Amino acid sequence: MLPDSEWEGRALRYLNIWLILCLFPRTCVSNPSKPNFLLILADDLGIGDVGCYGNDTIRTPNIDSLAKDGVRLTQHIAAAAVCTPSRAAFLTGRYPIRSGMASSTQQQALFWNGGSGGLPPNETTFARILYQQGYSTALVGKWHMGVNCNTRHDHCHHPLNHGFDYFYGMPFTLLNECQGSDDPELAKSLQDTYWFYTQMITLAVFTLVIGKLANLFPVKWKIIICLAICGLLHFISWFSSYGFTKHWNCILMRNHDITEQPMNLQKTTSNMLKEAITFIERTPQVLVMHIHVQVLASESWSPCRLLDVIDKEDLKNTTFIYFASDHGGFLEAHRGNSQLGGWNGIYKGGKGMGGWEGGIRVPGIVRWPGVLPAGTVIDEPTSLMDIYPTVVQLAGGKVPQDRVMDGHTLLPLLQGTEQHSRHEFLFHYCGVFLHAVRWHQKDSDHYATPVFQPEASGACFRRGICPCFGDGVTHHDPPLLFNLSQDPSEANPLSADTAPVFDAVVRRIRRAVEEHRKTLTPVPQQLSPHNNIWKPWLQPCCGTFPFCGCHEENNKV
């Protein structure tokens, strides 16, 4: 058990709440069969961090109470093992590769507020459908799915452009740089990459200029200038990572307005909680809240505060509450001998590892008194993507028919009218790379696994986070096969010698992969190097750029 001072540090380090409130409809006359919605999504919270999932050292009484009064999902699976793509899948009900929110580079998530990548405007979130059904929709906490596309104020990726009519929180995420007391997090993962590209582009520009002046080969000055600008942007991004990250990324917004730049972490937690409570009391509608791992154990934030407000407003029996994490614990996040990024229990791997269970198996709890049987445990494969069709169905809306949807409604399982998951297969991606496939028979095929550093550590400490491709992964042919019902920690891979059905299972899963890939269509890559580089003209700024800065008390709305 960590001392109080350590918990406080972890709380500040992982302050990211995503809270979606879909409580009372906006119209005066509402359909009593339509529930209110409170959706709480934790980040970096490992399945082993929660008491009702087996933790006997950290007390999580409020989450445990939710499970006691509701339904606990034991095979709840994230669609990605890092923030940005998992969050996109949650909101759209689709694998992130379908929306371009899966990366083909080593940068698996968005890295700048001033980048041009983000959730595409043509994606239909469940918030948009619920808004059309008469719900007020609010998001409190972390967004991390982009802000702008072409100009500083177009806000094409902003929550208010995706069906939310209220937003308060961080358009980006919470980094060590925001706190200023830990080793740089963004800088550590990006500095070498930016400096490498800066050197390569500079060398290319120098070579082209010499060749042009010496008439060695024809090349247009326009091409050279464009390449030089690209090199300058990489240089600026590299330079910005040494001290400017806090100023560019650690900001708070209310709707379209920046309220703090940089944000004051001492007040951020309480401010977000106040915003959520005020929204419930004022216009209880739809709220999504996202919180980063051990804030759940901090006195400064507690789910019971929200539950108390729901009880006080007489909303308990009419509110559908969902609690989950968007991926597993971050094993590489540590200070000294203290592990800061969550614990994944018996499951191998963690954040950034799209195949191992520790990166994608997350807590999942649903409570709706009087409708869902209390104390129920469901040991069937379910997905974060299933929340989309579930809340849309409950709100009286319709799931989009013009695109492939990967989530299935959870209602039959939750209410006990069906005993088996509608997911025959779940595909586990690391970026755009398929690392594993889960079959409903509880077998799992691993096509690629990360190379741990050190080898027996179970994580990638020397890299900061495990990569998805290249020399950082091992490809398996035939793939590693595990029986998850008997070997949930994935310690003993099966073989043709130990499992007579080995070849048949591998063939069936390979056929499923082929069928799945036929449903994929090319889309713009939102996490490409071009979209994931810092662009000064897209940087959100309170005041006159580059002299940005403002404080919450001066921006009350």
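Counting from 1, the numbers follow the sequence of the chain as shown. Small disclaimer: the values here were computed from a predicted structure and weren't measured.
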Original post:
Taking the SG atom of each, are Cys460 and Cys466 under 2.5 Å apart?
Top reply: yes
Counting only pairs under 3.5 Å, give me each side-chain donor-acceptor contact of residues 218-227, with atom names and distances, residues two or more places apart or in other chains.
none

Original post:
Between Gln106 and Cys468, which heavy-atom pair has the shortest distance, and what is it?
Top reply: OE1-N, 4.0 Å
Subject >> Those residues that, when tested against Leu538, pass side-chain contact (heavy atoms from CB on, under 4.5 Å) (two or more places apart) >> reply: Ser116, Asn148, Lys535
**OP:** Can you sort out the partners of His153 under ring pair (Phe, Tyr, Trp, His ring centres under 6.0 Å), two or more places apart, ordered by chain and number?
**Re:** none
Subject >> Partner residues of His234 under the side-chain hydrogen bond (donor to acceptor under 3.5 Å, both in side chains) criterion, sequence neighbours left out >> reply: none
**OP:** Report yes or no: do His428 and Arg438 form a side-chain donor-acceptor pair below 3.5 Å?
**Re:** yes
Original post:
Got a sec, which pairs hit salt bridge (charged side-chain N to carboxylate O under 4.0 Å, His left out) with one end in residues 88-116, sequence neighbours left out?
Top reply: Arg94-Glu123, Arg98-Asp406
Original post:
Are His423 and Asp386 linked by a side-chain donor-acceptor pair shorter than 3.5 Å?
Top reply: yes
Subject >> Side-chain donor-acceptor contact under 3.5 Å, His327 with Ser86 >> reply: no
**OP:** Dump the intermediate steps for side chain to side chain contact (heavy atoms under 4.5 Å, CB included) on Met253 and Tyr168, then the final yes or no.
**Re:** CA-CA 6 Å; Met253 298 185 76; Tyr168 178 81; over 6 Å; no
**OP:** Indicate whether the side chain of Glu490 and that of His446 have a donor and an acceptor atom separated by less than 3.5 Å.
**Re:** yes
Subject >> Side chain Asp326, main chain Arg87, donor-acceptor under 3.5 Å >> reply: no
Original post:
Partners of Asn215 by side-chain hydrogen bond (donor to acceptor under 3.5 Å, both in side chains), sequence neighbours excluded?
Top reply: none
Original post:
In terms of ring plane angle, is the pair Phe164 and Trp143 parallel, tilted or perpendicular, where the classes change at 30° and 60°?
Top reply: perpendicular
Original post:
Using the benzene-type ring in the case of Trp, are the ring centres of His158 and Phe167 under 6.0 Å apart?
Top reply: yes
**OP:** With sequence neighbours left out, write down each residue that passes disulfide (SG to SG under 2.5 Å) with Cys230, or none if nothing qualifies.
**Re:** none
**OP:** Can you sort out the partners of Asn113 under side-chain hydrogen bond (donor to acceptor under 3.5 Å, both in side chains), two or more places apart, ordered by chain and number?
**Re:** none
Subject >> Partner residues of Ser528 under the side-chain contact (heavy atoms from CB on, under 4.5 Å) criterion, sequence neighbours left out >> reply: Gln525, His530, Asn531
Original post:
Counting only N and O atoms by type, is there a donor-acceptor contact under 3.5 Å from the side chain of Glu260 to the main-chain atoms of Asn264?
Top reply: yes
**OP:** Return the set of residues passing side-chain hydrogen bond (donor to acceptor under 3.5 Å, both in side chains) with Ser495 (not counting sequence neighbours), or none when no residue passes.
**Re:** Thr498
Original post:
Just by distance, do the side chain of Thr84 and the backbone of Ala109 share a donor-acceptor pair under 3.5 Å?
Top reply: no
Original post:
Any salt bridge between Asp471 and Arg463, counting N to O under 4.0 Å?
Top reply: yes
**OP:** Would you mind checking if Arg510 and Asp503 are paired as a salt bridge, meaning a charged N to carboxylate O distance below 4.0 Å?
**Re:** no
Subject >> Intermediate values then yes/no, ring-ring contact (aromatic ring centres under 6.0 Å, His included), Phe111 and Phe172 >> reply: CA-CA 8 Å; Phe111 278 89; Phe172 191 62; 7.6 Å; no
Original post:
Do side-chain atoms of His144 reach the backbone of Leu110 as a donor and acceptor pair under 3.5 angstrom?
Top reply: yes
Original post:
Do any N or O atoms from the side chain of Asn532 and from the backbone of Pro529 form a donor-acceptor pair under 3.5 angstrom?
Top reply: no
**OP:** Can you sort out the partners of Ser103 under side-chain contact (heavy atoms from CB on, under 4.5 Å), two or more places apart, ordered by chain and number?
**Re:** Thr105, Leu527
**OP:** Applying side chain to side chain contact (heavy atoms under 4.5 Å, CB included), run through Gln539 and Trp534 and close with a yes or a no.
**Re:** CA-CA 8 Å; Gln539 175 61 47; Trp534 184 69; 2.8 Å; yes
**OP:** Please work out whether the ring planes of His256 and His155 are parallel, tilted or perpendicular, with thresholds of 30° and 60°.
**Re:** parallel
Subject >> Flag, side chain of Gln108 to backbone of Ala102, donor-acceptor distance under 3.5 Å >> reply: no
Original post:
Thinking salt bridges, do Arg254 and Glu275 make one under a 4.0 Å N-O criterion?
Top reply: yes
Subject >> ring pair (Phe, Tyr, Trp, His ring centres under 6.0 Å) contacts touching residues 507-527 (sequence neighbours left out) >> reply: Tyr95-His516, Phe427-His516, Tyr429-His516
